[in-house]
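Just below is one structure, and these are the notes that go with it.
For clarity, every value in this text was computed on a predicted model and none was experimentally measured.
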Amino acid sequence: MCLAIPAQIVEIIDENSAKVALGSVTKEVTVTLIEEPQVGEYILIHAGFALNRIDPEEAQKTLELFDSIDLTEHLGKLA
């Protein structure tokens, strides 16, 4: 099963990578598939790669759902 999860960019490290936050977990991901990523944007990540931007409202809904079933911290470690 493949699962892409939303995360928020909290730091641009260089042209190829950024730090994202998913709950209290932060992780470095590759952003080469995203044109001009910006701090504060929500993106979908899978296997360490940012796949696409996501609407902030949709990202929040999904993250709230993950939180309601206590899944956010677990997913953040897998992403």
Side-chain angles (χ1 to χ4, degrees):
M1 178 173 96
C2 295
L3 180 64
I5 56 176
Q8 186 175 32
I9 297 174
V10 294
E11 178 184 348
I12 302 296
I13 297 171
D14 58 35
E15 65 186 38
N16 297 317
S17 58
K19 187 177 288 186
V20 297
L22 177 65
S24 64
V25 176
T26 59
K27 183 172 181 73
E28 185 175 328
V29 298
T30 300
V31 292
T32 54
L33 301 175
I34 305 284
E35 188 174 326
E36 298 183 25
Q38 301 294 317
V39 170
E41 290 183 314
Y42 283 91
I43 56 175
L44 286 176
I45 56 173
H46 174 68
F49 286 86
L51 301 177
N52 201 357
R53 289 182 170 88
I54 184 171
D55 176 75
E57 189 173 311
E58 288 300 315
Q60 286 297 334
K61 287 180 184 175
T62 302
L63 292 172
E64 288 171 11
L65 176 64
F66 289 166
D67 283 343
S68 73
I69 56 175
D70 200 26
L71 195 58
T72 302
E73 298 301 316
H74 180 68
L75 287 174
K77 293 173 185 170
L78 295 176

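- Heavy atoms only, all atoms of each residue included: L22 and P6 are closest at CD1-O, 3.2 Å.
- Hydrophobic clustering (ILVMFWY, side-chain heavy atoms < 4.5 Å, transitive): V25 and V10 are in distinct clusters.
- Ion pair E58/K61 flagged as a salt bridge, since at least one NZ, NE, NH1 or NH2 atom sits closer than 4.0 Å to an Asp/Glu carboxylate oxygen.
- Of the inter-residue distances, the one linking E41 atom CD with Q8 atom CD reads 9.5 Å to the nearest 0.5 angstrom.
- Note that the CD1 atom of I45 and the CG atom of L33 stand 13.0 Å from one another [nearest 0.5 Å].
- Minimum interatomic distance between I9 and P37 (heavy atoms only, all atoms of both residues): CD1-CB, 3.8 Å.
- Residues L3 and V29 share a hydrophobic cluster, clusters being chains of Ile/Leu/Val/Met/Phe/Trp/Tyr side chains in contact below 4.5 Å.
- Cluster membership for L44 and I12, using ILVMFWY side-chain heavy atoms within less than 4.5 angstrom, is shared.
- A distance of 10.0 Å separates CD1 in I43 from CD1 in I5, rounded to the nearest 0.5 Å.
- Atom CG of N16 is separated from atom CD1 of I34 by 13.0 Å, given to the nearest 0.5 angstrom.
- Closest of all the heavy-atom pairs between H46 and L51 is CB-CD1, 3.7 Å.
- Between the side chains of Q60 and Y42, a donor-acceptor pair is found at a separation under 3.5 Å.
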